[in-house]
*Asks:* 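This is the structure I have questions about; it appears just below.
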Amino acid sequence: MLSVKQALSKDQVGKIVQVRGWIYRTRSSGGIVFAVLRDVSGIIQTTVKKGAVSEKDFDDAQKAGIESSVMIEGEVAEDKRAPGGYEIRATKFQVYGFSDGFPITEYQSTELLLDLRHLWIRSREQTAVAKVKASLLRGAREWFHDNEYVEVTPPIITGVAAEESTTLFQVKYFDRIAYLSQSAQFYLESLIYSLDKVYSLTPSFRAEKSRTPRHLAEYWHLEMEAAWLENEDNMKVQEQLITSMLHNAVKECPEELTFMKRDPATLKKIEPPFERMNYQEAMETLQKKGLDVSWGSDLGAIEERALTQDRLVPMFVVNYPKELKPFYMKENPEDTRTYKNSDLLAPEGYGEIVGGSERETDNELMLERLRDKGESIENYKWYLDLRKYGSVPHSGFGLGLERIVTWVCKLDHIRDSIPYPRTVARVYP
RNA sequence: GCCGUCGUAGCUCAGCCUGGUAGAGCAUCCGCCUGUUAAGCGGAGGGUCAACGGUUCAAACCCGUUCGACGGCGCCA
C-alpha cells in the first residue's frame, strides 16, 4: 500500500501499486471512469476502463460518488492529461463504503460550511491548515525543549473569578460554581519557583461576545513564564520561539503553505531581532498616518492594521500606558506612566499574536492597583502569596496559536484555523 | 453591547423596487458517451418562499414583530 504522494513519482511508473483513500472528484464517460483519489498526502487521478477491471469493479467505479472510500490497484503511468502528471490505471477498484450524495458541492456558503464542519474538515484547505498548525506546534516544542523549558499542565477549571469575571465561562462544579480558565499565567508563575522556566499549551476560554475575524471563545494558548527574566529577554524568547515555529513549518509544510497562497520564502526570511516600537512612537506614527489617536488610546484593529499592513516581519509595541493593561505588570522605571510589557503584532495587518510582560514583584503596588480597579483582594490571596516567599524578577507571555495560524496561512477568519471553532453563535457540530 | 447585510428546491442564487398563484445552474435519479480536468448531451423528481401577525379581491413581493445566520466595531491572544 502506497500513499498518494508516494505513487506520484517517476520511480513508480510502470509498477503495479495499491492506494486507498476517498474519492475527491469523479467523472464518467461511458467506458471510462476518472476517479480522483484523495488521502492525507495528496490527490491522484485514477482511470478505470471497461474491460481492464472486473464488471463488478467497473459498475462500482461508476456508482462510487464523491467521498466514497476505496482501494485501487493499478499501474502508475506518466500522462500529461492527468492533473499532477501521473495517474493510476486501475486493475482493481474495491469500495469500502459508498458515499451518499455529498452535501458539500461546488457552491458553498459560510453557514453551510459551518453547519457541515464535520465534513468540511476533509477539504484540502482544512487539511493543509491542520498540518501547518501541527508543524508550528512542533517547532515551538522543539525550541522550548532545546532551551530547557519544562512543559507543565495547569488546571483548566479554576475556583475564583480573577481578572474581569464577566469574560469567564461558569461551570457547575459539584455543588459550587467554578470557571473555565482564560489564562494559565498565574499557575505558571507559581511553578517557576521550582522549575525555573515553564510553558504550557492549554485551551483558554473567553466569554466575550466578540464578533470579529480574530476572536474565538475557545482557543489554544501557548504560555510561558521564566524566573530571572527581564522584559527585553522576554521579547528575545518570543522572537526566537516564533522564528523556530515558522522555520519548522517552512521545512515540513512547503506544499501546504503554497497551497494556502503563502510563499514559504517570506517566512524563511523572518529572523530575530524584530523591531521594537515604543507605544509613544506608535502613537506618533499613527498620527502621521492621519489616525485620531493620542497618549492613552488603545491599539484597536484599525490601528494595528495601519501599523503592520506594509510589513513582512512581526513587530513589538512596548511600554503601554498602565491604564490599558492588567495589574500584574512591572512598572517601567524609565517612565512610570508605563509598564515593562510588549505586544507582538503579526505583519500584513493580522494584528496582535502575543502579549507579554515582566511581572510586578511589589505586593503593595499590586494591592493598590487591585483596589483602584475595585477588585476583591480575597480572590488574589494565593497569587499575592507568591511574592512573599522568595520573590524573583520574572517575565512571561501568552501566544494565541490560532492567531499565528491565521497569519501564516493567510486566512480571512480565525475560525478556519481550528477544526471546530467555538464562537458566540456556534457550538455545533 | 453597538452598527450593517441576508433568510426562496439538498446547494448557490434570480424573482421583491412596480402584488396576479414558483424559476435557473449545480447536486440526486434514469438514459447516452473510452481521455475527463468540480466534463458533455437528453429526460425525471424535488418548494408551508424562516416563523407569526397585518394591509389587500389577491402577498415570496408591501408593513410590523420574532427567530436564525453572516459582515464589522469594542474587548482580547
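In what follows, chains are A, B, ... by sequence order, proteins preceding strands, each numbered from 1. Nothing here was measured: the structure is a model prediction, and the numbers come from that model.
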*Asks:* Tell me which nucleotide, if any, is Watson-Crick or G-U wobble paired with rG47(B) when both distances must be under 3.5 Å.
*Replies:*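 Base-paired to nothing in any strand shown.
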*Asks:* Between L299(A) (CG) and rC73(B) (C1'), how many Å, whole number?
*Replies:*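 Answer to the nearest Å: 15 Å.
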*Asks:* With nearest nucleotide decided by heavy atoms, which residue, S109(A) or I104(A), maps closer to the 5′ end of RNA chain B?
*Replies:* S109(A)
*Asks:* Taking everything shown except H145(A) itself, do over 12 heavy atoms lie less than 6.0 Å from its NE2?
*Replies:* no
*Asks:* Between the base of rG1(B) and the side chain of E208(A), is one N or O donor paired with an acceptor at under 3.5 angstrom?
*Replies:*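 Check fails, no donor-acceptor contact within cut-off.
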*Asks:* Using the C1' atoms only, state how far rC75(B) lies from rC2(B), rounded to an integer number of Å.
*Replies:* 13 Å
*Asks:* Strictly below 4.0 Å: does R206(A) bring a side-chain N or O up to OP1 or OP2 of rG74(B)?
*Replies:* no
*Asks:* Indicate, with a heavy-atom threshold strictly under 4.0 Å, whether A82(A) touches base, sugar-phosphate, or nothing.
*Replies:*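 If one applies the 4.0 Å heavy-atom cut-off, A82(A) turns out to touch a base.
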*Asks:* Would you say the base of rG25(B) stacks on Y107(A) (centre-to-centre below 5.5 Å, plane angle below 30°)?
*Replies:*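 Here Y107(A) fails the 5.5 Å or the 30° condition.
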*Asks:* Could you check whether F327(A) and Y380(A) have their ring centres less than 6.0 Å apart?
*Replies:* yes
*Asks:* Do Q45(A) and rU36(B) share a donor-acceptor pair, side chain to base, under 3.5 Å?
*Replies:* yes
*Asks:* May I ask you to verify whether the side chain of S210(A) and the base of rC75(B) hold a donor-acceptor pair under 3.5 Å?
*Replies:*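 Between rC75(B) and S210(A), which were checked side chain against base, a qualifying N/O pair under 3.5 Å is present.
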*Asks:* Counting the atoms with a prime plus P, OP1 and OP2 as sugar-phosphate, which does S28(A) contact under 4.0 Å by heavy atoms, base, sugar-phosphate, or nothing?
*Replies:* base
*Asks:* Which whole-number value in Å describes the distance from L168(A) CG to rA77(B) P?
*Replies:* 13 Å
*Asks:* Tell me the partner of rU12(B), counting only Watson-Crick (N1-N3 plus N6-O4 or O6-N4) or G-U wobble (N1-O2 and O6-N3) with both under 3.5 Å; none if nothing fits.
*Replies:* rA24(B)
*Asks:* Looking at rC76(B), does its base get a donor-acceptor pair with the side chain of R403(A) below 3.5 Å?
*Replies:*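 Yes.
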*Asks:* Write down the distance separating the P atoms in rC32(B) and rG46(B), rounded off to the nearest Å.
*Replies:*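 Going atom to atom, P in each nucleotide, I get 24 Å.
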*Asks:* Take the protein atom CG of L324(A) and the nucleotide atom P of rC75(B), then report the distance between them rounded to whole Å.
*Replies:*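 Nearest whole value for this atom pair: 9 Å.
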*Asks:* Can T91(A) and E75(A) be counted as having a side-chain donor-acceptor contact under 3.5 angstrom?
*Replies:* no
*Asks:* Looking at rG19(B), which nucleotide sits across from it as a Watson-Crick or G-U wobble partner, both distances under 3.5 angstrom, or is there none?
*Replies:*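 Partner of rG19(B): none found under 3.5 Å.
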*Asks:* Can you tell me the pairing partner of rC33(B) across any strand shown, Watson-Crick or G-U wobble, with both distances under 3.5 angstrom?
*Replies:* none
*Asks:* The side chain of H215(A) is closest to which nucleotide in this list: rG35(B), rC75(B), rA77(B)?
*Replies:* rC75(B)
*Asks:* Quiz question: going by heavy-atom distance under 3.5 Å, is there a donor-acceptor pair between the base of rG74(B) and the side chain of K209(A)?
*Replies:*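 No.
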*Asks:* Roughly, in whole Å, what's the span from CG in L114(A) to P in rG7(B)?
*Replies:*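 It works out to 19 Å between those atoms.
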*Asks:* Atom CD of Q182(A) and atom C1' of rC75(B): how far apart are they, to the nearest Å?
*Replies:*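 Answer to the nearest Å: 11 Å.
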*Asks:* If we call it a pair only when both distances are under 3.5 Å in a Watson-Crick or G-U wobble match, what pairs with rA38(B)?
*Replies:*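 WC or wobble partner does not exist here.
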*Asks:* With distance as the sole criterion, do the side chain of R211(A) and the base of rG74(B) form a donor-acceptor contact below 3.5 Å?
*Replies:* no
*Asks:* Taking the minimum atom-to-atom distance to the side chain of E303(A), which one of rU34(B), rG74(B), rA38(B) wins?
*Replies:*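 My answer, after comparing the listed nucleotides, is rG74(B).
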*Asks:* Cut-off 3.5 Å, side chains only: do E223(A) and S183(A) have a donor facing an acceptor?
*Replies:* yes
*Asks:* If you check the T212(A) side chain, which of rU34(B), rC75(B), rC70(B) turns out closest?
*Replies:*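 Nearest to the side chain of T212(A) among the choices is rC75(B).
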*Asks:* Can you confirm if the aromatic rings of W143(A) and Y199(A) lie within a centre distance of less than 6.0 Å?
*Replies:* no
*Asks:* For atom C1', what is the distance between rC70(B) and rG53(B), given to the nearest Å?
*Replies:*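 Straight-line distance between the two C1' atoms is 27 Å.
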*Asks:* Between rU34(B), rC76(B), rU12(B), spot the one nearest the side chain of R214(A), thanks.
*Replies:* rC76(B)
*Asks:* Pick base, sugar-phosphate or nothing for Q62(A), based on heavy-atom distances below 4.0 Å to the nucleic acid.
*Replies:* nothing
*Asks:* Counting the atoms with a prime plus P, OP1 and OP2 as sugar-phosphate, which does R305(A) contact under 4.0 Å by heavy atoms, base, sugar-phosphate, or nothing?
*Replies:*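 Contact class for R305(A): sugar-phosphate only.
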*Asks:* With rounding to whole Å, what would you report as the distance between rC11(B) and rC52(B) at their C1' atoms?
*Replies:*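 Result for the C1' pair: 27 Å, nearest Å.
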*Asks:* Mind calculating the distance between CZ (R27(A)) and C1' (rA27(B)) to the nearest angstrom?
*Replies:*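 Whole-Å distance recorded here is 16 Å.
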*Asks:* Have a look at E111(A) and say if it touches a base, only the backbone sugar-phosphate, or nothing, with a 4.0 Å heavy-atom cut-off.
*Replies:* sugar-phosphate
*Asks:* Regarding R206(A) and S204(A), is there a side-chain donor-to-acceptor distance under 3.5 Å anywhere?
*Replies:*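 The answer is no; no qualifying pair exists.
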*Asks:* Check every atom of rA39(B), rC73(B), rG71(B) against the side chain of P213(A) and return the nucleotide holding the closest atom.
*Replies:*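 Between rA39(B), rC73(B), rG71(B), the one nearest the side chain of P213(A) would be rC73(B).
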*Asks:* Reading RNA chain B from 5' onward, which residue's closest nucleotide shows up sooner: A301(A) or H413(A)?
*Replies:* H413(A)
*Asks:* I'd like to know whether NZ of K50(A) has more than 12 heavy-atom contacts from other residues, nucleotides or ligands below 6.0 angstrom.
*Replies:* no
*Asks:* When the C1' atoms of rA60(B) and rG15(B) are considered, how many whole Å apart are they?
*Replies:* 8 Å
*Asks:* For atom P, what is the distance between rC3(B) and rG10(B), given to the nearest Å?
*Replies:*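 Rounded to whole Å, the distance is 35 Å.
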*Asks:* What is the base-pairing partner of rC61(B), counting Watson-Crick and G-U wobble geometry with both distances under 3.5 Å?
*Replies:* none
*Asks:* Measure CG/D298(A) against C1'/rC75(B) and give the value in whole Å, please.
*Replies:*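 It works out to 9 Å between those atoms.
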*Asks:* Both distances below 3.5 Å, Watson-Crick or wobble geometry, any strand: find the nucleotide opposite rC70(B).
*Replies:* rG4(B)
*Asks:* Using OP1 and OP2 only, check whether a side-chain N or O of R415(A) sits under 4.0 Å from rG71(B).
*Replies:* yes
*Asks:* Does the ring pair (Phe, Tyr, Trp, His ring centres under 6.0 Å) test come out yes or no for W120(A) and Y420(A), once each step is laid out?
*Replies:* CA-CA 10 Å; W120(A) 177 240; Y420(A) 292 98; over 10 Å; no
*Asks:* Over how many whole Å does the gap from Q108(A) atom CD to rG10(B) atom C1' extend?
*Replies:*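 Atom CD in Q108(A) sits about 14 Å away from atom C1' in rG10(B).
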*Asks:* Can you tell which of rG35(B), rA69(B), rG71(B) lies closest to the side chain of R426(A)?
*Replies:*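 When the side chain of R426(A) is considered, rA69(B) is the closest of rG35(B), rA69(B), rG71(B).
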*Asks:* Between rC17(B) and rC63(B), how far apart are the C1' atoms? Round to whole Å, please.
*Replies:* 15 Å
*Asks:* Under a 3.5 Å limit for both distances, which nucleotide forms a Watson-Crick or G-U wobble pair with rC76(B), could you say?
*Replies:* none
*Asks:* Among Y339(A), F316(A), W295(A), which residue meets the ring-ring contact (aromatic ring centres under 6.0 Å, His included) test with Y279(A)?
*Replies:*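 Considering Y339(A), F316(A), W295(A), a ring-ring contact (aromatic ring centres under 6.0 Å, His included) with Y279(A) is found only for W295(A).
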*Asks:* If we take the C1' atom in both rG20(B) and rC61(B), what is their distance in whole Å?
*Replies:*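 Per the computed distance, 11 Å lies between those C1' atoms.
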